[in-house]
Amino acid sequence: MNESELRPEELQVLENARFFDLKAQLDAKINQLFSDLKPRIEERTMAVHANVPPELLRTAGRTFRGENHHGYPWRALDVPRFSQSGDLFIFRTLLLWGHHFSVHLILNGRWKSQLVPRLGGASATWQVDPREDPWIWFPPQPQGWPANALSPAQLQLLLSPARPFKMSVYFPLTDFSSIPDHATQCWSGLLPLLFPAQSPSN
């Protein structure tokens, strides 16, 4: 067979204009889902705003999209989000087409050194990603380290200056309509760990 000739299944995909109509409809629903989620995250943050650093409150959240993460489109909402001079704080909710929804906490610079030691009380559903590249949206294989059971050696490695910190929770695409609830619950569980109430002064 000539390499330029199409197999029947390839021709079927090439001719399928309906796919792009459906993709546009899905993109609109994904955008609406993130639009519904953003104020919920912001409201939870403001509920404890006295403990949250002001730069996280001042920085507007952002939505991102791409069409080729290792061949797959992706959509993401970052809120809260702060990035400046190597200091990085991102709470990201992400959809990777064909795979999953996921929620990620990514820290670097001063945020990493200050906040990672506080995360030992995180839910066991959070998995710390041991890979050095925090911008990979597939789960690590084998599975990451449970955030609530990091060994001293693992914690020391995660705090090394050269590597950003990332921990994640993954959800199936069938949970589409529940993602605002899932992501809000994940963020609500992290807030008292990341930004605990200040002890009253004596």
Side-chain angles (χ1 to χ4, degrees), residues 1-46 56-84 88-108 123 125-127 129 131 133-141 143-144 164 166-191:
M1 179 178 177
N2 190 315
E3 290 186 0
S4 64
E5 293 179 4
L6 296 179
R7 300 193 303 272
E9 61 268 27
E10 292 174 332
L11 181 60
Q12 185 178 19
V13 172
L14 186 63
E15 292 179 330
N16 186 10
R18 179 60 176 155
F19 169 81
F20 294 96
D21 296 332
L22 290 171
K23 186 172 184 293
Q25 293 172 25
L26 283 168
D27 271 335
K29 291 186 175 183
I30 295 166
N31 290 339
Q32 185 60 55
L33 181 141
F34 285 155
S35 294
D36 293 342
L37 172 60
K38 184 174 182 288
R40 294 177 61 171
I41 297 291
E42 292 172 336
E43 287 167 8
R44 294 297 176 95
T45 307
M46 289 302 296
L56 287 185
L57 301 176
R58 290 195 300 264
T59 305
R62 289 183 58 185
T63 55
F64 296 85
R65 60 182 294 150
E67 296 298 325
N68 187 19
H69 182 66
H70 299 272
Y72 299 97
W74 59 277
R75 309 288 182 262
L77 168 69
D78 288 1
V79 59
R81 179 180 187 275
F82 180 90
S83 178
Q84 181 177 316
L88 186 66
F89 185 112
I90 293 176
F91 183 77
R92 171 169 287 194
T93 305
L94 181 136
L95 164 65
L96 183 61
W97 277 67
H99 291 81
H100 52 250
F101 275 99
S102 50
V103 177
H104 309 271
L105 178 68
I106 303 171
L107 306 172
N108 206 12
S123 164
T125 57
W126 285 99
Q127 295 289 317
D129 194 328
R131 296 171 295 192
D133 185 353
W135 312 113
I136 298 175
W137 307 119
F138 299 97
Q141 299 296 334
Q143 192 175 26
K166 174 184 171 187
M167 68 180 192
S168 310
V169 182
Y170 294 88
F171 301 98
L173 293 175
T174 51
D175 281 8
F176 187 97
S177 62
S178 300
I179 290 304
D181 291 333
H182 291 336
T184 303
Q185 290 169 5
C186 286
W187 179 238
S188 298
L190 290 181
L191 273 169

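Heads up: numbering here begins at 1 and tracks the sequence. Note that the structure is a prediction, hence the values are computed from the model and not measured. As a basis for the values below, the full set of heavy atoms in this structure was taken, side chains included, without hydrogen atoms, waters or symmetry mates.
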>> I'd like to know whether Asp27 forms a salt bridge (Lys or Arg N to Asp or Glu O under 4.0 Å) with Arg65, so could you lay out the CA-CA distance, the side-chain angles of the two residues, the decisive distance to 0.1 Å, and finally the verdict.
In response: CA-CA 10 Å; Asp27 271 335; Arg65 60 182 294 150; 3.4 Å; yes

> Yes or no on side chain to side chain contact (heavy atoms under 4.5 Å, CB included) for Phe176 and Lys29, after CA distance, side-chain angles and deciding distance?
Replying inline: CA-CA 10 Å; Phe176 187 97; Lys29 291 186 175 183; 4.2 Å; yes

To the nearest 0.5 Å, how far apart are [atom1] in [X] and [atom2] in [Y]?
X	Y	atom1	atom2	result
Asp181	Thr184	CG	OG1	6.5 Å
Leu33	Arg75	CG	CZ	13.0 Å
Phe20	Leu22	CZ	CG	11.0 Å
Ile90	Thr59	CD1	OG1	11.0 Å
Thr45	Leu56	OG1	CG	8.0 Å
Leu95	Ile30	CG	CD1	4.5 Å

For residues [X] and [Y], report the shortest heavy-atom separation together with the two atoms involved.
X	Y	answer
Gly61	Val79	CA-CB, 3.9 Å
Leu94	Trp74	CD1-CE3, 4.0 Å
Ala183	Thr93	CB-OG1, 3.6 Å
Pro140	Tyr170	CD-OH, 4.2 Å

> Does the side chain to side chain contact (heavy atoms under 4.5 Å, CB included) test come out yes or no for Arg81 and Phe89, once each step is laid out?
Replying inline: CA-CA 6 Å; Arg81 179 180 187 275; Phe89 185 112; over 6 Å; no

Are [X] and [Y] packed together at the side-chain level, in the sense that at least one heavy-atom pair is separated by less than 4.5 angstrom?
X	Y	answer
Asp175	Phe101	no
Leu88	Ile106	yes
Arg7	Glu10	yes
Val103	Trp126	yes
Glu15	Leu11	yes
Ile41	Pro80	yes

>> Could you check whether atom CD of Gln12 has more than 12 heavy atoms from other residues, nucleotides or ligands sitting under 6.0 Å from it?
In response: no

>> For the CZ atom on Phe64, are there more than 12 heavy atoms of other groups (residues, nucleotides or ligands in this structure) within a distance under 6.0 Å?
In response: yes

> Do NZ/NE/NH1/NH2 and the carboxylate oxygens of Asp78 and Arg92 come within less than 4.0 Å?
Replying inline: yes

>> Between the side chains of Arg131 and Asp129, is the shortest nitrogen-to-carboxylate-oxygen separation below 4.0 Å, so that they form an ion pair?
In response: yes

> What do the steps show when you test Asp133 against Ile136 for side chain to side chain contact (heavy atoms under 4.5 Å, CB included), and what is the final call?
Replying inline: CA-CA 6 Å; Asp133 185 353; Ile136 298 175; 3.7 Å; yes

>> Can you classify the ring geometry of His69 versus Trp137 as parallel (below 30°), tilted (30 to 60°) or perpendicular (above 60°)?
In response: tilted

> Sub-3.5 Å donor-acceptor pair from the side chain of Lys166 to the main-chain atoms of Pro134, do we have one?
Replying inline: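 Yes: the side chain of Lys166 pairs with the backbone of Pro134.
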
> Taking the six-membered ring of Trp97, is the NZ or CZ of Lys23 close enough (under 6.0 Å from the centre) and on axis enough (within 45°)?
Replying inline: yes

> Could you go step by step and tell me if His104 and Ser102 meet the side chain to side chain donor-acceptor pair (under 3.5 Å) rule?
Replying inline: CA-CA 7 Å; His104 309 271; Ser102 50; 2.7 Å; yes

>> By the definition side-chain contact (heavy atoms from CB on, under 4.5 Å), identify the one residue from Lys38, Gln185, Arg40 that meets it with Pro180.
In response: Arg40

> Can the ring centres of Trp187 and Phe91 be said to be less than 6.0 Å apart?
Replying inline: yes

>> I want to know whether His100 and Phe171 have ring centres closer than 6.0 Å.
In response: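 No, the ring of His100 stays outside the 6.0 Å limit from the ring of Phe171, centre to centre.
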
> Is there a side chain to side chain contact (heavy atoms under 4.5 Å, CB included) between Gln127 and Gln143 once you walk through the steps?
Replying inline: CA-CA 8 Å; Gln127 295 289 317; Gln143 192 175 26; 3.6 Å; yes

